[in-house]
Amino acid sequence: MKNTLVKFIFITGGVVSSLGKGLASASLGALLQARGYKVKLRKLDPYLNVDPGTMSPYQHGECFVTDDGAETDLDLGHYERFTGVPAKKSDNITTGKIYSNVISKERRGDYLGATIQVIPHVTDAIKDYILSDINDEDFVLCEIGGTVGDIESLPFIEAIRQLGNELGLSQTCFLHVTLLPYIKTAGELKTKPTQHSVKELQGMGIQPDILLCRTENVIPNDQKSKIALFCNLKSESVIEALDASSIYEVPISYHKQGLDYEVCKHFKLNILKKPNLSRWKRINEIQKSSDGNVIIGIVGKYTTMIDAYKSLLEAINHGGLANNVKVTIKWIDSQDLENNNQNLSNIFKNVNGIIVPGGFGERGSEGKINAIKLSRINKIPFFGICFGMQMAVIEFARNVLNLKDASSSEFGKNKLPLIGLLTEWQSKNGLVKRNENSNLGGTMRLGAYDCKLLDNSFVKSIYKKKIISERHRHRYEVNNKFASDFKKNGMIFSGMSPDNTLPEIFEIRDHPWFIGVQFHPELKSKPFDPHPLFSSFINASLKQSRLL
Ligand code: GLN
């Protein structure tokens with residue numbers, strides 16, 4: 001830890017899960033930034049997986065990938081989108097990673113002679129992690145995953161309690177996010193669950209400094225005072241967090257309720273200085289003034305778990321902001337598109353643009369290929385991302401180049417693995433090698449890689465740059481062998497890895513918008529800096545909607 005004056009804000013959650021702690025943390029980060037402070041946001045996850053990379057998107061939602069190649073919790077996506085600070089590998093830790101580090105140290109003999117225990121060894125490892133990799137930041141916001149009282153999160157709670165003691169009030173602040181349920185029949189907001197949750201936290205030695213109470217109704221002053229009285233707080237420290245119609249309204253709404261003010265007051269910082277919220281005001285104005293309606297069809301497998309597409313949905317939303325238009329998502333389950341050709345055009349009747357996003361496994365892939373064929377032939381804007389790009393290459397090979405056996409090795413052995421396992425590639429740290437027997441956890445091609453854009457290509461005109469850097473998360477890759485056949489038939493690989501071996505982007509020119517990318521551009525889009533590919537895609541879809 002270089003900055004000895006850095007201030008830590010620990011964010012815990014109580015009462016129920018899914019309270020939007022991630023958004024609350026991201027919003028507070030944005031507000032502190034708007035006051036001129038440098039912030040870093042971190043997530044401490046209580047589960048035993050070393051990282052969320054091996055978890056099903058149905059269970060855990062999207063896996064957010066950082067520039068430095070970590071597979072992390074989706075809350076890190078919120079942090080980046082709200083603050084613009086690129087998340088790092090060191091910004092997400094899990095109980096699994098902490099334990100596996102402690103156990104390998106034990107095996108190495110680093111603790112020789114000692115009995116290894118949760119307190120102090122595991123809690124020390126957590127504290128070391130919280131204090132590590134901090135440079136000139138003014139604030140480090142640490143969100144603790146889960147809900148207070150969960151067995152798994154106890155070591156994290158104990159570690160932050162110790163840090164509170166060691167660093168003192170001038171360097172630590174505890175923010176607890178709770179829920180005030182509204183009981184319709186009584187016409188009342190209920191404070192009891194919040195009281196219990198704070199009691200639980202106090203029982204573990206933590207007195208929250210600020211309460212952020214999620215509520216669907218305004219909290220009457222007497223209720224605030226009641227919460228304050230029972231939770232040992234001042235009533236100004238009980239902040240109302242009213243449901244918002246858009247997540248980008250949250251920073252301004254929390255500011256109006258005094259959240260950043262209370263934090264600054266706690267740390268005895270200048271409270272008179274007003275934060276510069278122009279960025280957030282502008283986004284809200286655009287959101288309010290947007291009209292029209294572009295319908296984007298997302299063809300995927302996890303359509304019942306929309307958290308699996310969190311960054312994608314946000315990037316689409318940002319594309320809408322860039323074009324001042326409202327975007328509606330139509331979820332299309334790829335499995336419904338298999339053997340269903342006669343119904344296909346019906347399903348896509350009002351759709352102005354089609355996205356086939358990232359995905360894994362054979363199930364539903366033929367449905368995706370059918371959707372891609374429909375968008376290619378009917379000239380509906382199409383955006384293929386990672387798996388979506390791979391499926392588009394297969395579709396083109398089968399239906400235009402007449403290579404009927406074209407497939408992916410991800411689906412097992414096949415005659416023409418046009419999409420094959422990546423066995424070696426150049427990274428910033430040298431050559432990386434893999435084979436069929438490699439571990440599945442953390443071994444994909446992960447993180448930011450440069451990509452060269454072809455002169456006079458459509459993508460170059462969109463990015464307005466020659467070299468771009470985008471984030472990857474994939475095990476398979478398009479085989480370059482057929483590049484010239486593709487080119488002769490109108491599909492060009494317009495983005496390549498710097499060593500010219502890996503096709504990263506393709507485009508079809510004789511089409512209003514047909515682009516596939518091997519990376520995940522959605523991970524870098526911000527509301528105040530929409531990703532150029534999403535802005536351009538929504539623009540093309542908007543034009544398409546006007547043709548209907
Ligand atoms: N399953 C594909 C691969 O591993 C695509 C991954 C993805 O879409 N992120 O290459």
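Counting starts at 1 for both ligands and their atoms, in listed order.
On a distance-only criterion, C386 and ligand 1 share no N/O pair closer than 3.5 Å. At a 3.5 angstrom cut-off on N or O pairs, F387 counts as close to ligand 1. The shortest N/O to N/O separation between Y476 and ligand 1 falls below 3.5 Å.
With respect to atom 2 (C) of ligand 1, the closest heavy atom belonging to the protein is E410 OE1, 3.2 Å. Closest protein heavy atom to atom 5 (C) of ligand 1: G359 O, 3.3 Å. Protein heavy atom nearest atom 4 (O) of ligand 1, with residue, atom name and distance: R475 N, 2.9 Å.
Classification of D91 and K43 as a salt-bridged pair fails, no side-chain N sitting under 4.0 Å from a carboxylate O. Comment: K97 does not engage D51 in a salt bridge, judged by the lack of any side-chain N to carboxylate O separation of less than 4.0 angstrom. Between E410 and R475 there is no salt bridge, since no side-chain nitrogen of the basic residue lies less than 4.0 Å from a carboxylate oxygen of the acidic one. Classification of R42 and E137 as a salt-bridged pair fails, no side-chain N sitting under 4.0 Å from a carboxylate O. Remark: D67 does not engage K88 in a salt bridge, criterion side-chain N to carboxylate O under 4.0 Å. Salt-bridge annotation for E522 and R473: absent, with no side-chain N of the basic residue lying under 4.0 Å from a carboxylate O of the acidic one. Ionic pairing of R81 and E314 is not present here: no N-O contact between side-chain nitrogen and carboxylate oxygen is shorter than 4.0 angstrom.
Contact annotation: Q390 has at least one heavy atom less than 4.0 Å from an atom of ligand 1.
Contacts between H520 and ligand 1 below 4.0 angstrom, taking non-hydrogen atoms only, involve the side chain exclusively.
Near G358, with a cut-off below 4.0 Å to any heavy atom, the atoms of ligand 1 are 8 (O).
Of the candidates M389, H474, R473, it is R473 that places a heavy atom closest to atom 9 (N) of ligand 1.
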